Structures are given as C-alpha cells and as structure tokens.
Enquirer: 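The structure is given below, and queries will be raised subsequently.
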Amino acid sequence: MALAVTMGDPAGIGPELMLAAWAARKQHDLPAFYVLTDPAMMQARARSLGMNVPISECAPEAASDSFDTALPVFALQNTADHQTGAQAPASPAAVVEAIETAVTHIRDRRASGVVTAPITKKSLYEAGFAFPGHTEFLGALSERFWPGEAAEPVMMLSGPDLRTVPVTVHIPIADIPAAWTVERICTVARITARDLKQRFRIASPRLALAGLNPHAGEGGTIGMEDETVSRKAVAILRAEGIDITGPHPGDTLFHPRARKHYDTALCAYHDQALIPVKTIAFDETVNVTLGLPFVRTSPDHGTAFDIAGKGIARPDSLIAAIRLADTLARGATG
C-alpha cells in the first residue's frame, strides 16, 4: 500500500514540496505515495513553477503502479484555490476533506499511513473547525473510525540525533504548571514507551524527563513542582518497568554526551521540546503523532506563506516525513 499525503494549505508551500519530493523520488529512494488534493490546483502549481511533473488521477490502490511515471493524486470533491501566499482565499473544506479522507483510506486498508502537509489554523477556525490543530482532529477521527479503541494523541519530534516529546503542548506558558500533573506525565510516558517498542522497534526504550523549573527545581528552592510532581511520576513509571530517569535540568539534557543516555526526552512544554530538536536538525526533523491506531507524520515546519510559489522551499522535512512514515508503517505491521 502507498502512503497518503494530505494537501495541507494550498496557499502555502505544501503543494510545491510534494511536487519536489516526487521529482526527487529516485534520488531519495522514496516509497510510493499519493496526494489527496485538487488535481487542477496541483497541475497549475507545477506549471507556475516550471516543474515537469505529470499528474495521474487514480485510486489509492493504483498509486504504487503509477508512482514511477507520474505523481498519483486522489481527487477531492472540494476544489482548492490556485493562488499562493497569506492573502490567498482559504480552502478550508478541501483541507479538512483531505485529512478525513486519508484516515478513512487507512481504516479501509487502502493506505499504509498518512503524512500531513502544513495547515494554517486561522482560516479553519473561521470556517468552524472545532479542534486546536491536526493532532486533536486526528484523535477525534480515530475515536470515530476505530470505536472502542483508545486514542490518546502524543506529539513527538523525531530527528536523526534527537527525539523529544512535549508533555504539554499548545497551551500558554501561564497554564503549564497546572497541566504538569503526575497523571499527564505518566500517560505520555506510557504511550511513548509503547510506541517506541511497537513502531520504532526499540526493544528497551530509555526515557529522560526534563524538569519543569530551572535546574529541575534545585531541590525545591526554584519551585516545588519537580519535587512533588516530576519525581512522583518517575517513581510510578519505574515501578511499572519503564526505564525513565529524571527530572533533569533542561539546560543540560540535550548536548551530545547527554543524548547518549536516552532514546527520547520528555519535556515540560512546547518550546523546551521543539527548540533543541529543530536547532540540531531543522530540515530533517519530523513531527510524529504517537498514541493513534495508525501512522501519522508531518514536516516540522509551517505553511511558509512568505516563500510559497517561489520554488525555493526545501522538501527535506517532507521527504524525511515520508520515509519515516513508511518505516513506522512497516514496523507496525511486523
């Protein structure tokens, strides 16, 4: 089965990255993938960029056969605007349709996993989209299409030299201490350890928990959360057989020597997790959603409206996301 790649925001760089990834398929030995999008928009984008990428409308089942000679596209019912940039008209119906359809293809065993291109949330919110972002929407789709199977989406950033997981994600800094609970840490750690075993094929995953406060609280002198919450969570998890250490000071957890002692770092909040992994390997880092009944990856960047349509966006992260999705899908099926 081929991988499903969602269109993302058509006004951003997603469509041109898909064209570039297909053009570089042999150089990077990419697995077969197809794009859920508006074929006319993709053809127009290829022409505007002067890219000789033939488009082949086909069903997911035919994508692997078409992949060598053309970019396979599964046509959506909703059309997408052909313009690029922040001022281009929004195409929220097509964006949402692509995501939902990709998940149904996985459920129906027509696709092996999904790679999602970047979206802009503002236009989706204005159209009534009720989820904070991709991850939460995918979690809701999981509950709808796999009833009875628990779905707890957990965000991981996976690079060649570092994996990080934010325990709290898209919430204001002021709200993080209240969300830093024993229950939340344990839930995220359990899902991370399980998926590292089942999908990443790491037999004995090693986790490191970063502290919430500077110096991991300095024994309670710089905040008590790491004494009363972090250490308690670590003790519970270790009693369950999960190999986790911490809390560790965040400023000493990511240098090369420290990274040798763990497979994934669990971080207290969004920037503590994303800054180090993107600094080390911005163009090769992939966003992976753990805790779902299917494989989902995404590039680690946004829509980049400022350079959309100029043909200068680098497809490295999308290529890495496609390759990792294929690896994880193969691992999930044994």
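Because the structure is predicted, anything quoted here is derived from the model rather than measured. Sequence positions, counted from 1, serve as the residue numbers for this chain.
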Enquirer: Are I275 and F282 grouped together when hydrophobic residues (ILVMFWY) are joined by side-chain heavy atoms under 4.5 angstrom apart?
Expert: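 No: no chain of side-chain contacts under 4.5 Å links I275 to F282.
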Enquirer: Take D283 and S317 through the test side chain to side chain donor-acceptor pair (under 3.5 Å) and record every step on the way to the result.
Expert: CA-CA 5 Å; D283 292 315; S317 186; over 6 Å; no
Enquirer: Is it true that atom CZ of R206 has more than 12 heavy atoms of other residues, nucleotides or ligands lying nearer than 6.0 Å?
Expert: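 Yes, CZ of R206 has more than 12 neighbouring heavy atoms, counting only those of other groups under 6.0 Å.
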Enquirer: Which residues, ordered by chain and number, are linked to M155 in its hydrophobic cluster, where ILVMFWY side chains connect at heavy-atom gaps below 4.5 Å, directly or through other members?
Expert: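 Same cluster as M155: L157, L162, V169, L253, F254, Y262, L274, V277, I280.
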Enquirer: Under a 4.5 Å cut-off applied to non-hydrogen side-chain atoms, are P299 and L17 in contact?
Expert: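 With C-beta onward as the side chain, the pair stays apart.
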Enquirer: Quick one: are M156 and T289 in side-chain contact, heavy atoms under 4.5 Å?
Expert: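 M156 vs T289: side chains apart.
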Enquirer: If I compare all heavy atoms of D226 with all of S230, which pair ends up nearest, and what's the gap?
Expert: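 Where D226 meets S230 most closely, the heavy atoms are OD1-OG, 2.7 Å.
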Enquirer: If you measure from CG on D9 to CE on M7, what distance do you get to the nearest 0.5 Å?
Expert: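 Spacing of CG (D9) from CE (M7) equals 7.5 Å.
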Enquirer: Check the orientation of H170 and H270. Use parallel for under 30°, tilted for 30 to 60°, and perpendicular for over 60°.
Expert: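 Taking H270 first and then H170, their aromatic rings sit tilted (interplane angle of 30° to 60°).
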Enquirer: Nearest 0.5 angstrom please: R238 CZ to L207 CG, how far?
Expert: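 Here the rounded value is 10.5 Å.
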Enquirer: Here's a test for you: under side-chain contact (heavy atoms from CB on, under 4.5 Å), which of V188, V234, V165 qualifies with L209?
Expert: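 Among V188, V234, V165, the one that satisfies the side-chain contact (heavy atoms from CB on, under 4.5 Å) with L209 is V234.
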Enquirer: Between R314 and D316, does any side-chain N to carboxylate O distance fall below 4.0 Å?
Expert: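 Between D316 and R314 there is a salt bridge, with a charged N closer than 4.0 Å to a carboxylate O.
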Enquirer: Check whether L36 and I13 end up in the same hydrophobic cluster, where Ile, Leu, Val, Met, Phe, Trp and Tyr are linked by side-chain heavy atoms less than 4.5 Å apart.
Expert: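 In one cluster with L36: I13, yes.
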Enquirer: Establish, yes or no, whether a centroid distance under 6.0 Å links the rings of F294 and W146.
Expert: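 When the ring centroids of F294 and W146 are compared, they turn out to be within the sub-6.0 Å range.
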Enquirer: Using a strict threshold of under 4.0 Å (side-chain N to carboxylate O), is an ion pair present between K310 and E16?
Expert: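 Result for this pair is no, no salt bridge flagged.
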Enquirer: For the residue pair F137 and F129, does the interplanar ring angle fall in the parallel (under 30°), tilted (30 to 60°) or perpendicular (over 60°) class?
Expert: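 The arrangement is perpendicular - the two ring planes meet at more than 60°.
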Enquirer: Under the side chain to side chain donor-acceptor pair (under 3.5 Å) criterion, do T245 and H248 qualify, and how do the steps go?
Expert: CA-CA 8 Å; T245 59; H248 301 280; 2.7 Å; yes
Enquirer: Does the side chain of K197 reach to within under 4.5 Å of the side chain of P205, using non-hydrogen atoms?
Expert: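 Yes, their side chains come closer than 4.5 Å.
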Enquirer: Please report the interatomic distance OG1(T84) to CE(M41), rounded to the nearest 0.5 Å.
Expert: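 Between atom OG1 of T84 and atom CE of M41 there are 11.0 Å.
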Enquirer: Salt bridge (charged side-chain N to carboxylate O under 4.0 Å, His left out), that's the test. Do K232 and E227 meet it? Break it down for me.
Expert: CA-CA 7 Å; K232 183 176 180 180; E227 295 299 312; over 6 Å; no
Enquirer: When you check the gap from the basic side-chain N to the acidic O, do R144 and E100 get nearer than 4.0 Å?
Expert: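 Result for this pair is yes, salt bridge flagged.
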Enquirer: Which word best sums up how the rings of H105 and Y34 line up, parallel for under 30°, tilted for 30 to 60°, or perpendicular for over 60°?
Expert: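 Because their plane-to-plane angle lies in the 30° to 60° range, the rings of H105 and Y34 count as tilted.
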Enquirer: Looking at D306, I'd like to know if its CG atom is crowded, meaning that more than 12 non-hydrogen atoms belonging to other residues, nucleotides or ligands lie closer than 6.0 Å.
Expert: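 For D306, atom CG is crowded (more than 12 foreign heavy atoms under 6.0 Å).
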Enquirer: Is the shortest distance from a Lys or Arg side-chain nitrogen in R184 or E152 to a carboxylate oxygen in the other one below 4.0 Å?
Expert: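 A salt bridge is present here (some side-chain N lies under 4.0 Å from a carboxylate O).
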